[in-house]
*Asks:* 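Next up is a structure, given as C-alpha cells.
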Number of protein chains: 2
Amino acid sequence: MLRLSTRGQYGVRAMYEIARGYPVQPVTIKEISENQDVSVAYLEQILNKLRKAGLIKSVKGPGGGYLLSTSPEKISIASIVSELEGPVAITSCLDPEEGCVRVDNCVTHLLWKALGEQIEAFLKTITLKNLVSGDIYSIKEKVAGI
Amino acid sequence: MLRLSTRGQYGVRAMYEIARGYPVQPVTIKEISENQDVSVAYLEQILNKLRKAGLIKSVKGPGGGYLLSTSPEKISIASIVSELEGPVAITSCLDPEEGCVRVDNCVTHLLWKALGEQIEAFLKTITLKNLVSGDIYSIKEKVAGI
DNA sequence: TTAATACTTGACAAAAAGAGTAAGGTTTTA
DNA sequence: TAAAACCTTACTCTTTTTGTCAAGTATTAA
C-alpha cells in the first residue's frame with residue numbers, strides 16, 4: 001500500500017546523480033542511465049519535468065548535461081517527488097483537483113489529511129545533501145523522533 | 001501520489017460504523033452501505049477480510065450483523081489498513097514479497113524505509129476510539145508533534 | 001561549417017492495478 | 001421455514017503505470 005511510482009523513485013535517484021556533479025560538472029543522461037539502470041528515454045521524460053519545475057538546468061552541446069539549479073541542501077525530496085507525482089493526496093477527496101463531496105460528515109477526512117501532512121513534513125526535512133553525504137544517520141534520527 | 005486504495009478507505013469507514021455499535025449492537029452490512037454510500041457487494045469483500053483477520057466477528061440470522069472483536073481503543077487504523085492493503089511499502093524493493101536487488105548501493109533505500117516506518121508509526125497511534133469520539137484534536141496534536 | 005553531442009517533444013502501447021459487479025451459495029433464527 | 005444475513009468465487013471494465021518509439025531542435029568543439 002501507499003506505493004510511490006517509479007517516476008518518483010527514479011527522479012530522486014537521478015537528482016542524486018546530478019547532485020554529485022554540483023556545482024560545476026554537468027551530468028549527462030547517459031551517465032545517469034548507466035549508474036541507475038534506467039532507460040535514457042524514460043529519464044528524458046522525468047528530467048524534462050524537473051527542468052521545467054526549475055530544479056535543474058541543462059547545458060547543451062558536447063560536454064553538456066544537467067546541473068542542479070541551486071545547492072543540494074536547498075532541494076528537498078518533497079520538492080522532487082511532488083513535481084513528478086503531484087501533491088500528496090492519500091485519498092481522492094484530498095486531491096485539490098477533485099475535491100470532496102462529504103467533507104463534514106466524513107469522519108476520516110481529517111485523519112488522511114493529517115497523514116498527508118505528516119508525510120510531506122518528513123520529506124521536506126530531507127535534502128539531496130543528506131543523500132549525497134551518505135548522511136543516513138540524520139535520517140534515522142528524524143525517524144526516531146516521531 | 002501515495003494514494004490509499006478505496007478498499008483501505010472504505011474499510012476504515014466501515015470499521016467506524018461497526019465501532020459505533022460497540023459493545024453489543026451488531027451492525028448490518030446494509031446499514032454500513034447506506035451510511036457510507038458503498039455497495040453491499042463491495043463491503044462484503046472488505047468485511048470478509050477484516051473478519052478473517054480477527055478484527056471483527058459476525059452474528060448471523062435476523063438481528064445479526066458485525067461486531068468489533070475487541071474494544072475500539074485497541075484497534076488502530078494501521079491494523080485495518082494493513083489487512084486490506086498489505087504492509088506499507090513505499091517502493092517495490094521494500095515489499096517483503098519482492099525484495100531488493102540493489103539494497104547497498106541504492107542510496108534511497110533507507111530513505112523510503114524510514115518514510116514507511118514513519119507512516120506506520122503514525123497510523124498505529126490512531127484508533128477507532130479516536131474516530132468514534134470525534135477526538136479530532138488528539139489527531140491534530142499528533143500531527144503538530146512531528 | 002558541420003558533425004557530434006545532447007536535449008526536447010508528443011504519441012503510443014503493453015501491462016498491472018484498482019474498483020466494483022454478478023451470481024449463486026450457506027447458515028442462522030425468529 | 002422463509003427471511004435475514006453472511007460467504008465465496010469469478011469476472012470485467014477502467015484507470016494508472018511504465019515504459020518505448022520516432023523524429024525532431026539546439027549547441028558547440030574542432
Side-chain angles (χ1 to χ4, degrees), chain A residues 1-11 13-14 17-18 21 25-34 36-53 55-67 69 81 84-86 89-93 95 97-98, chain B residues 1-11 13-14 17-18 21 25-34 36-53 55-67 69 81 84-86 89-93 95 97-98:
Chain A
M1 70 169 202
L2 286 177
R3 189 154 304 186
L4 203 65
S5 79
T6 56
R7 276 187 172 76
Q9 295 175 48
Y10 296 168
R13 276 155 61 185
E17 291 291 329
I18 297 170
Q25 187 57 237
V27 180
T28 68
I29 283 199
K30 202 180 170 206
E31 288 170 316
I32 300 173
S33 170
E34 284 166 0
Q36 294 295 333
D37 201 26
V38 178
S39 81
V40 168
Y42 202 20
L43 279 172
E44 280 173 342
Q45 260 184 41
I46 293 167
L47 295 183
N48 191 12
K49 274 200 172 184
L50 295 176
R51 186 185 51 79
K52 281 181 178 165
L55 293 176
I56 53 178
K57 53 193 175 186
S58 60
V59 178
K60 292 182 181 178
Y66 287 95
L67 289 169
S69 290
V81 173
L84 294 171
E85 314 212 359
I90 305 300
T91 60
S92 60
C93 74
D95 190 318
E97 290 191 9
E98 302 193 39
Chain B
M1 72 170 199
L2 286 179
R3 188 154 305 185
L4 203 65
S5 77
T6 55
R7 278 186 171 76
Q9 295 175 47
Y10 296 169
R13 275 155 60 184
E17 291 290 329
I18 297 169
Q25 187 58 238
V27 180
T28 69
I29 283 198
K30 203 180 169 207
E31 288 170 314
I32 301 173
S33 169
E34 286 167 358
Q36 293 296 333
D37 200 25
V38 178
S39 81
V40 167
Y42 203 21
L43 279 171
E44 278 174 345
Q45 264 184 37
I46 293 167
L47 295 183
N48 191 12
K49 275 200 170 185
L50 295 176
R51 187 184 50 80
K52 282 181 178 164
L55 293 176
I56 51 177
K57 53 194 176 185
S58 59
V59 178
K60 291 181 180 176
Y66 287 96
L67 290 169
S69 291
V81 173
L84 294 171
E85 314 214 358
I90 305 299
T91 60
S92 60
C93 76
D95 191 317
E97 289 190 12
E98 302 192 39

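Hydrogens, waters and symmetry mates play no part in the numbers below; they use all other heavy atoms, side chains included.
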*Asks:* Nucleotide by nucleotide, 5' to 3', does protein get under 4.0 Å of the base (B), only the sugar-phosphate (S), or neither (-) in nucleotides 19-30 of chain D, counting heavy atoms?
*Replies:* BB-----SBS--

*Asks:* Does B:S58 make a side-chain N or O approach to OP1 or OP2 of D:dC7 shorter than 4.0 Å?
*Replies:*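 Answer is yes, contact under 4.0 Å.
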
*Asks:* Under 4.0 Å between a side-chain N or O of A:N48 and OP1 or OP2 of C:dC7?
*Replies:*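 No.
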
*Asks:* Restricting to nitrogen or oxygen on both sides, can you table the protein-nucleotides 12-15 of chain D pairs closer than 3.5 Å?
*Replies:*
none

*Asks:* Nearest 0.5 Å, what's the CD-OG distance between B:Q45 and B:S39?
*Replies:*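 B:Q45 atom CD to B:S39 atom OG measures 8.5 Å (nearest 0.5 Å).
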
*Asks:* Can you work out whether B:K52 or A:L4 has the more 5'-proximal nearest nucleotide on DNA chain D?
*Replies:*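 Taking each residue's closest nucleotide, the earlier one in sequence belongs to B:K52.
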
*Asks:* What is the separation between atom CD1 on B:I18 and atom P on D:dA5, rounded to the nearest whole Å?
*Replies:*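 In whole Å, D:dA5 P and B:I18 CD1 are 14 Å from each other.
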
*Asks:* Rounded to whole angstrom units, what separation is found between the NZ atom of B:K57 and the C1' atom of D:dA5?
*Replies:*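 Computing the B:K57:NZ to D:dA5:C1' distance gives 17 Å.
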
*Asks:* Considering every strand and a 4.0 Å limit on heavy-atom distances, what is the contact class for A:I29: base, sugar-phosphate, or nothing?
*Replies:*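 Sugar-phosphate: the residue A:I29, judged by heavy atoms under 4.0 Å, touches backbone atoms but no base.
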
*Asks:* If I take atom CD1 in residue A:I46 and atom P in nucleotide C:dC7, what distance separates them, rounded to the nearest angstrom?
*Replies:*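 From A:I46 CD1 to C:dC7 P: 14 Å.
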
*Asks:* I need the B:Y42 OH to B:T6 OG1 distance, nearest 0.5 Å.
*Replies:*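 One finds 3.0 Å between OH of B:Y42 and OG1 of B:T6.
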
*Asks:* Holding to side-chain hydrogen bond (donor to acceptor under 3.5 Å, both in side chains), I want the full list of residues that pass it with A:E17, two or more places apart in sequence or in another chain.
*Replies:*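 With sequence neighbours excluded, A:E17 shows a side-chain hydrogen bond (donor to acceptor under 3.5 Å, both in side chains) to A:R20, A:N35, A:Q36, given in chain and number order.
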
*Asks:* Do side-chain atoms of B:E85 reach the backbone of A:L2 as a donor and acceptor pair under 3.5 angstrom?
*Replies:*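 Not at all, since once roles are kept as given, no pair shorter than 3.5 Å links the two residues.
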
*Asks:* Check whether any side-chain nitrogen or oxygen of B:S5 sits under 4.0 Å from OP1 or OP2 of C:dA19, and answer yes or no.
*Replies:*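 So the side chain of B:S5 is within the cut-off, an N or O lying under 4.0 Å from OP1 or OP2 of C:dA19.
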
*Asks:* Identify the heavy atoms of B:L67 and B:V59 that sit nearest to each other, and give their distance.
*Replies:*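 Heavy atoms only, the tightest pair is CD1-CG2, 4.0 Å.
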
*Asks:* May I have the distance from B:I32 (atom CD1) to D:dA5 (atom P), rounded to whole angstrom?
*Replies:*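 Rounded to the whole Å, the gap is 12 Å.
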
*Asks:* Here's a test of your reading of the structure: between B:G65 and A:E85, which maps to the more 5' nucleotide of DNA chain D?
*Replies:*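 By nearest-heavy-atom nucleotide position, the 5'-most residue is B:G65.
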
*Asks:* Would you give the length of the straight line joining atom OH of A:Y66 to atom CG of A:L55, rounded to the nearest 0.5 angstrom?
*Replies:*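 Between atom OH of A:Y66 and atom CG of A:L55 there are 12.5 Å.
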
*Asks:* List in chain and number order the residues that pass side-chain hydrogen bond (donor to acceptor under 3.5 Å, both in side chains) with B:S33, two or more places apart in sequence or in another chain; answer none if no residue qualifies.
*Replies:*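 Result, side-chain hydrogen bond (donor to acceptor under 3.5 Å, both in side chains) vs B:S33: none returned.
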
*Asks:* Whole angstroms only, please: what is the NZ-P distance between A:K30 and C:dA4?
*Replies:*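 In whole Å, C:dA4 P lies 15 Å from A:K30 NZ.
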
*Asks:* Check the distance between C:dG18's C1' and A:L2's CG and give it to me in whole angstrom.
*Replies:*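 Going from CG in A:L2 over to C1' in C:dG18 covers 14 Å.
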
*Asks:* Check side chain to side chain contact (heavy atoms under 4.5 Å, CB included) between B:N48 and all other residues, then give those that pass, not counting sequence neighbours.
*Replies:*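 Only B:R51, B:K52 meet the side chain to side chain contact (heavy atoms under 4.5 Å, CB included) criterion with B:N48.
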
*Asks:* Applying side-chain hydrogen bond (donor to acceptor under 3.5 Å, both in side chains), name anything that partners A:Q25, two or more places apart in sequence or on another chain.
*Replies:*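 Applying side-chain hydrogen bond (donor to acceptor under 3.5 Å, both in side chains) to A:Q25 gives none.
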
*Asks:* Check the distance between D:dA5's P and B:Y66's OH and give it to me in whole angstrom.
*Replies:*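 Going from B:Y66 (OH) to D:dA5 (P), I get 12 Å.
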
*Asks:* Which whole-number value in Å describes the distance from B:R51 CZ to C:dT27 P?
*Replies:*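 Distance check: B:R51 CZ to C:dT27 P gives 13 Å.
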
